[in-house]
> 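Structure in structure tokens, see below.
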Amino acid sequence: VWLKTEHAYPTRLALLAHKRPLSEILAGSGYVTAEQMAAATLQCASEDELGEFLVRAGAMSEEEYCEALSLQQGLAAGPIQLRDVEQRAVRTLPRTVLSEFHVLPFRLTEGALMVATPRAPDDAVTTALNRFTRLRVVFHLTTSSNLQQLEEAFGGGRDATHGYPGEKARTAARRLYAGALKTGGA
């Protein structure tokens, strides 16, 4: 008789205790030079500020920063197209939560809520989002400019009074989506 052995795999949060520093990933993977990293390290109070500082300084693009953060965090990354955002997903979380944590739910799939963010999610973000949904929250890294475009298009979350984004947000989303279709961006 063969007995199947149970396996316990570590969670993403448990593995993050062993993550490489962002500075090591940025310099070691060639996103920036050692000199650029040294200068940025002097300017930033914490490791968390490095990537955004280097983007603002023009040393790397938002996309490169997103990719490096993805390598560090073990999360999927990339731009989210307007056509990939489900309105029902956006409505799952209150607007105040979306703006406070700089996130946007964009898809409901197999018992999970896919959430876009340009930042590495920490326990506080995960805990806050879990207060509003029973779905498993799965983070997807994207650039700040991509998230801003999505927020402008979809109004970001439930309205405190009606539960849904207002007509103004829906009209803006339709206009933005129509413009993207004309230019081939969606």
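Scope of the values below: all heavy atoms of this structure, side chains included, with no hydrogens, waters or symmetry mates.
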> I'd like to know if the side chain of Q36 and the backbone of T33 have a donor-acceptor N/O pair within less than 3.5 Å.
yes
> Between the side chain of S29 and the main-chain N/O of L26, is any donor-acceptor distance below 3.5 Å?
no
> Can you find a pair of side-chain heavy atoms, one from H140 and one from L75, that are under 4.5 Å apart?
no
> How about Y31 and L71: do any of their side-chain heavy atoms sit closer than 4.5 Å?
yes
> Kindly say whether A77 contributes a backbone atom to a donor-acceptor pair with the side chain of E67 at under 3.5 angstrom?
no
> Is D84 reaching over with its side chain to a backbone N or O of I80, donor-acceptor style, under 3.5 angstrom?
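No, because the side chain of D84 does not come within donor-acceptor range (under 3.5 Å) of the backbone of I80.
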> Tell me if a side-chain donor or acceptor on T133 pairs with a main-chain N or O of L135 at a distance below 3.5 Å.
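It does hold such a pair.
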> Is any side-chain heavy atom of E86 less than 4.5 Å from a side-chain heavy atom of F106?
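They are not in contact (no side-chain heavy atoms under 4.5 Å apart), so the answer is no.
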> Taking side chain as C-beta onward, heavy atoms only, is R136 less than 4.5 Å from V138?
yes
> Verify, without hydrogens or angle tests, whether E64 (side chain) and S61 (backbone) share a donor-acceptor contact under 3.5 angstrom.
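Between the backbone of S61 and the side chain of E64 there is a qualifying donor-acceptor contact (under 3.5 Å).
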> Tell me, do Q73 and F139 make a side-chain contact under 4.5 Å, heavy atoms counted?
no
> Quick check against the 3.5 Å criterion: does Q72 have a side-chain atom that pairs as donor or acceptor with the backbone of I25?
no
> Does any non-hydrogen side-chain atom of D48 lie less than 4.5 Å from one of F53?
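No, too far: nothing below the 4.5 Å cut-off.
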> Taking E62 for its side chain and S144 for its backbone only, find out whether a donor-acceptor pair lies under 3.5 Å.
yes
> Please check this pair: side chain of E24 against backbone of R20, looking for a donor-acceptor N/O pair closer than 3.5 Å.
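No, E24 side chain to R20 backbone: no donor-acceptor pair under 3.5 Å.
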> Do T127 and N130 come close enough that some side-chain heavy atom pair is under 4.5 Å?
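No; the side chains remain at least 4.5 Å from each other.
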> Applying the side-chain contact (heavy atoms from CB on, under 4.5 Å) criterion to L147, which one of L141, T142, T117 satisfies it?
T142
> Is it true that a side-chain atom of S70 and a backbone atom of C66 form a donor plus acceptor pair closer than 3.5 Å?
no
> State, yes or no, whether a side-chain contact exists between T143 and E63 at a heavy-atom distance under 4.5 Å.
yes
